[in-house]
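I have placed the structure first, in the form of structure tokens, so that the comments after it can refer back to it.
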Amino acid sequence: MTARTRFAPSPTGYMHIGNLRTALYEYLIAKANGGQFILRIEDTDQKRYVEGATDIIYNTLKTVGMNWDEGPDIGGDFGPYIQSERLPLYQEYAHKLVELGGAHYCFCSKDEADEQKDEEANIKFKDPCKMIPLSEAKVRVAKGEPYVIRQNINKKGKAMFHDVVYGDIEIDYDELDEGVLLKSDGFPTYNFANVIDDHLMKITHVVRGNEYISSTPKYNLIYEAFGWTPPTYVHVAQVMKDAQHKLSKRNGDASFQDLVAKGYLPEAILNYIALLGWNPGTEQEIFSLVELEKVFDMNRLNKSPAIFDIAKLKWMNGCYIRALDFEAFHKLACREYDKFITHEINREALSKVLQPRIETLNDIAEVAGFIETLPEYSDELFTNKKMKTDADIAKKSLALAYPALEALQTWTNENLFECLKNVAVANELKNGQVLYPVRIALTGLETTPGGASEIAEVLGKAETLRRIKLKLA
RNA sequence: GGUCCCAUCGUCUAGAGGCCUAGGACGCGGCCCUCUCAAGGCUGCAACACGAGUUCGAAUCUCGUUGGGAUCACCA
């Protein structure tokens, strides 16, 4: 049997990193054995609906290359794939479940129900409506009295189920409360819609956060009442911000789109999160999506929570940037240049110098800001022990370098380097005594991406000469 | 509070009784390379939460302790 998995986000307008990781695992479980990956939108809570949220979901999955085989936009044999369009289905099954003895009509208001339970004393809701004979309840429903449909938990003892990640889990039926399956507005709750849809869509593997472990027996009870076979459960550990807190929108933690906006490449983000809670069993760490499809094994998923470490993502992003074709990198870099560089410069030369030196696209503006505007700097910058330079030597070197550069015909890094070295040799100076001051004069910075000749190449002849002259004056 | 789950370097992890004087990666330190800085190469520091068992032998099995997390909605 090939696997069918589903990513079932609710459209909240935010692609949480943990959710994206869940989607990835779902995708990989499906693709690892030629199965289908289905996208379903869980919008049963009208109060939480956010305009444009589904587009964020679509766009994110598309940019990371996780294409779905069935979904709201492309259809499929088991649609519709948006829960709000499946309402009649849930209602039909909910009433059917009542007939089957798996649920009952309840006429209590929410407040009445709340009053009856006590979390501290661990008293679960005991619904008086459960005692109402079905025939009588049906009459009240028919008369138009507001109602919800609640699950029946009649079993005693321990519920048992198997999870791919956590193994066998036992939960006492007394811990389960008879929750609402169909709300008074006719919408299903997550608990119910999920089971109905997963069954109807023939989902084989349910992957979700481990916060659902304790309610899993409730789902199984519904499957059981209908006479359906429950799916394989894959509960995954949380993605944490730190040891105590999980990554969350409330804390302002980065979403996928935030990370992209911060200059991370989608492929790098995906690669990184794949490794948060999973490993291939080898020492390989860099994986494309296609490679992951080949090596993914859900049995290697970890039980313990993983802390999201931006430092490692940064490193990995740097790896991806360096691995880019020069043309591809240059194209991305140009978009950044457009944001802060107004002068004519040698952009290719700049990209060449930047590619091995940055870890995120946003580093570009930070590290190359001096290209646009020469910062104010003190003459003390010219003093460097290792280079054996100080302000006096710098003055002399710059004066010597200026005419040499002015005479230089072909403005390339190689020629510039050669030219400046010759200035040093001809005047019995060390290379650094010329190169270092020139670099400082061109950048006003102690450390820069690239050396004097490389930066001169980027700036171009006119600007290079202008900056040196400026210092000389 | 009841219940469930988790526990190896700071972080991500390898480890399914002897291969472990615990391996890799990020980060951090050092060295090399070098027109500064990166990149690259080499290298160093750094962990089995604790306590009892079981066993000839335990990071690996059992129990307890401690610590952390989850859950107990007409939210998903």
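Order of the sequence lines sets the chain letters (A, B, ...), proteins ahead of strands, with each chain counted from 1.
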Could you tell me whether the phosphate oxygens of [N], OP1 or OP2, come under 4.0 Å of any side-chain nitrogen or oxygen in [X]?
| X | N | answer |
| --- | --- | --- |
| A:N210 | B:rA70 | no |
| A:K246 | B:rG68 | no |
| A:R439 | B:rC37 | no |
| A:N431 | B:rU34 | no |

What integer number of Å spans the [atom1] atoms of [N] and [M]?
| N | M | atom1 | result |
| --- | --- | --- | --- |
| B:rU62 | B:rA46 | P | 31 Å |
| B:rG27 | B:rG68 | C1' | 24 Å |
| B:rC6 | B:rG10 | P | 22 Å |

Exercise. Across the strands shown, which category fits A:N194 at heavy-atom distances under 4.0 angstrom: base, sugar-phosphate, nothing?
Worked result: nothing
For this session: For A:N413, report the nucleic acid contact type (base, sugar-phosphate, nothing); a contact means any heavy atom under 4.0 Å.
Result: base
Problem set entry | Value in whole Å for how far the P atom of B:rG69 lies from NE2 of A:H245 | 8 Å
Problem set entry | Distance, rounded to the nearest Å, where A:R208 contributes CZ and B:rA76 contributes P | 14 Å
For this session: Run the salt-bridge test on A:D172 and A:K156 with the 4.0 Å N-O cut-off and return the result as yes or no.
Result: no
On a plain distance test, is the side chain of [X] in donor-acceptor contact with the base of [N] below 3.5 Å?
| X | N | result |
| --- | --- | --- |
| A:K303 | B:rA7 | no |
| A:Y212 | B:rA70 | no |
| A:T189 | B:rC74 | no |
| A:Q244 | B:rG68 | no |

For residues 320-328 of chain A, tabulate all N or O donor-acceptor pairs below 3.5 Å that involve a side-chain atom, not counting sequence neighbours.
{"residue": "A:Y320", "atom": "OH", "partner": "A:N271", "partner atom": "OD1", "Å": "2.5"}
{"residue": "A:Y320", "atom": "OH", "partner": "A:F287", "partner atom": "O", "Å": "2.9"}
{"residue": "A:R322", "atom": "NH1", "partner": "A:G318", "partner atom": "O", "Å": "3.4"}

Problem set entry | Closest to side chain of A:S214, choosing from B:rC74, B:rU13, B:rU71 | B:rU71
Problem set entry | Within the 6.0 Å centroid threshold, strictly below: A:F187 and A:Y90 | no
For this session: Please list residues of residues 440-448 of chain A whose heavy atoms come under 4.0 Å from any atom in RNA chain B, ordered by number; otherwise none.
Result: A:E446, A:T447, A:T448
